[in-house]
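Down below is the structure, laid out as structure tokens.
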Amino acid sequence: MKDLFIYNSLSGKKEKFKPIKEGLVGMYVCGPTVYSNVHLGNVRTFMSFDMVFRYLKHLGYKVRYVRNITDAGHLEDDADSGEDRIAKKAHLEKIEPMEVVQRYTVDFHQTLNNFNFLPPSIEPRATGHIIEQIETIKEIIKNGFAYEVNGSVYFDVIKFNETKNYGKLSKRKIEDLIHNTRNLDGQSDKKNPQDFALWKKAEQHHIMRWPSPWSNGFPGWHLECTAMSTKYLGENFDIHGGGMDLKFPHHECEIAQSEASHGKSPVNVWMHANMLTLNGQKMAKSTGNFILPNDFFTGNSKHLSKKFSSSVVRFFILQAHYRSVLDFSNTALLASEKGYNKLMEAINILPSLKKSDETIGMNVKLWIKDCYKAMNDDFNSPILIAELFKLVKFINQIKDGSAFVSSDDLNLINLHLKEFVFDILGLKNDTFSDTKFEGKLKETVQLLIAMRNEARENKDFKLSDKIRDRLLNIGIQLNDGKEGTTFTIENK
RNA sequence: GGUCUCGUGGCCGAGUGGCUAGGCAGUGGUCUGCAAAACCAUCUACAUCGGUUCGAAUCCGAUCGAGACCUCCA
């Protein structure tokens, strides 16, 4: 088996992956802020890391995958005047902040479940780790990289940069940052605009608040990830992932917080998933340019012509590399749906394939190697899918009698195809064909097929076509082949 | 304005100094009573202009265009 290479945002290169402890992988991914429904762009990021998690497990690693839930609320706008987003939403809907958090946490889990995500090993919540966050702040203050003003604590970026490197992840120079930071009108407690809050004193209206040595308040929004990743994965762990838009300042600040509190660079490999765009623009709740997962299941959206299954959407997303921008469109999704159906149909007919003495038409062992090669090259799922379609072609050729497969090779295909499609890509088979369908429906359709064939023999094509077309309308497609007629049932 | 990324055929999307990506759509054929499905064959390509090189879509420079970040965002 070849080595796994992962693109590391820190170095800007693909690096051979070597876990800190052999056989074990610690991976942290920034989860959602649960103040509204996750949109498809959010889903894409988490799906990328779901695939990473699946593949690492497949390779035999024991993975501790930590993905947090941000339920403490971030600030709405500029650090000193903002209202907590969760509190703001609660105010609008006249419900408790934790009620908002609960509602959207449940929605988040249901959505990911729909898309066949594996649950992370640990899903810690920010509000459950206030003590750890306070302890981290104490460490940073003790080491001289933070200061307290009016009950709030800020990270001293300039001071930090004197001995460490602030900006090494996002490749920013602190001089440029100083130069380009807007001057805030409001009265700020910060020494410098680049400084960020570790602890904020709560204003009167702020409902979410906890006691601390500095004030009744709440933690700064970069802090929870540092506190929780350190708690569950240690001061130095293997992989940290998140959306590209979190690279700066969020991840940059995480590095600074870790280095300021315990002196170590927290993460070996930083991975960033790219944006999903709609109309060429990043999906974002704030601009209204987004599509919700639920829209696919109802089909009720100006962006969609019909319903789509979650597997089709998953397939669509994985057809692009996680580090590329992917533009969403109905046309692209329709194309993916056809491709997905073709792939599943090939899997469905696998059990009915005829075995031969030898394999002609494909080098199965080489194919398996190529599939791993694709995934080992920075989780290149589009290439893996391209390889899968080469196999699909081979399977169809066997069915048509223009290619042949040995019993051993067919076993290999069976094993590996299913591993790649279901275990690694995490797709589900939403299609139904007669080979996987049993029971009364199958018998009924077979009866209709027999009646149609009778009509055809009697040259009653009006009746035979009526049966065929009516079935197609219902979503059952008849496939006339050399060995007789089979059928496929469309999902939904 | 600053930093960074990207511009691939009708559409979506890989690749990256010489070797078919793949999917969808199109075209021709096989099969069929006709279709559909499936199979076979096949057409469209690397934003523009320069440079490096035996050779560039791939490296370098410029231009144009798009996006991300710089402020909460996956």
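A, B, ... follow the sequence lines: proteins, then strands. Residue 1 opens every chain.
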Between C1' of rC73(B) and NE2 of H272(A), the distance in whole Å: 13 Å
Rounded to whole Å, CG of L10(A) lies from C1' of rC4(B) at a distance of 16 Å
Considering just the side-chain nitrogens and oxygens of [X], establish if one lies under 4.0 Å of OP1 or OP2 belonging to [N].
| X | N | answer |
| --- | --- | --- |
| S324(A) | rA14(B) | yes |
| K338(A) | rC12(B) | no |
| K285(A) | rA74(B) | yes |
| N396(A) | rC39(B) | yes |

[N] pairs with, by Watson-Crick or G-U criteria that keep both distances under 3.5 Å:
| N | answer |
| --- | --- |
| rA56(B) | none |
| rA68(B) | rU3(B) |
| rG26(B) | rU42(B) |
| rC34(B) | none |

Can you find a pair of side-chain heavy atoms, one from Y7(A) and one from V269(A), that are under 4.5 Å apart? no
Would you classify [X] as touching base, sugar-phosphate or nothing, given that sugar-phosphate means primed atoms plus P, OP1 and OP2, and contacts are heavy atoms under 4.0 Å?
| X | result |
| --- | --- |
| L333(A) | nothing |
| L478(A) | base |
| G41(A) | base |
| Q281(A) | sugar-phosphate |
| R172(A) | base |
| A386(A) | base |
| S464(A) | base |
| K173(A) | nothing |

Would you please say whether a donor-acceptor pair under 3.5 Å links the side chains of T226(A) and E254(A)? no
For T70(A) and E224(A), does a side-chain donor sit closer than 3.5 Å to a side-chain acceptor? yes
Nearest to the [X] side chain among [options], which nucleotide is it?
| X | options | answer |
| --- | --- | --- |
| M275(A) | rA68(B), rA21(B), rG23(B) | rA68(B) |
| A320(A) | rA25(B), rA14(B), rC73(B) | rA14(B) |
| Q319(A) | rA74(B), rG22(B), rA41(B) | rG22(B) |

Ignoring hydrogens and geometry beyond distance, is the side chain of [X] in donor-acceptor contact with the base of [N] at under 3.5 Å?
| X | N | answer |
| --- | --- | --- |
| N380(A) | rG15(B) | no |
| K282(A) | rC73(B) | yes |
| D480(A) | rA35(B) | yes |
| R468(A) | rC34(B) | yes |

Is a donor on one side and an acceptor on the other found under 3.5 Å between the side chain of N8(A) and the backbone of W270(A)? yes
Ignoring hydrogens and geometry, is there a side-chain-to-backbone donor-acceptor pair from D377(A) to A374(A) under 3.5 Å? no
Heavy-atom nearest nucleotide on RNA chain B taken for F316(A) and for D400(A); more 5' hit belongs to F316(A)
Need to verify one output field. Residue with the more 5' nearest nucleotide on RNA chain B, D327(A) or K247(A)? K247(A)
F461(A) stacking on rG33(B): centroids under 5.5 Å, ring planes under 30°? yes
Which whole number of Å gives the distance between the P atom of rG22(B) and that of rG61(B)? 33 Å
Is E419(A) salt-bridged to R54(A), cutoff N-O under 4.0 Å? no
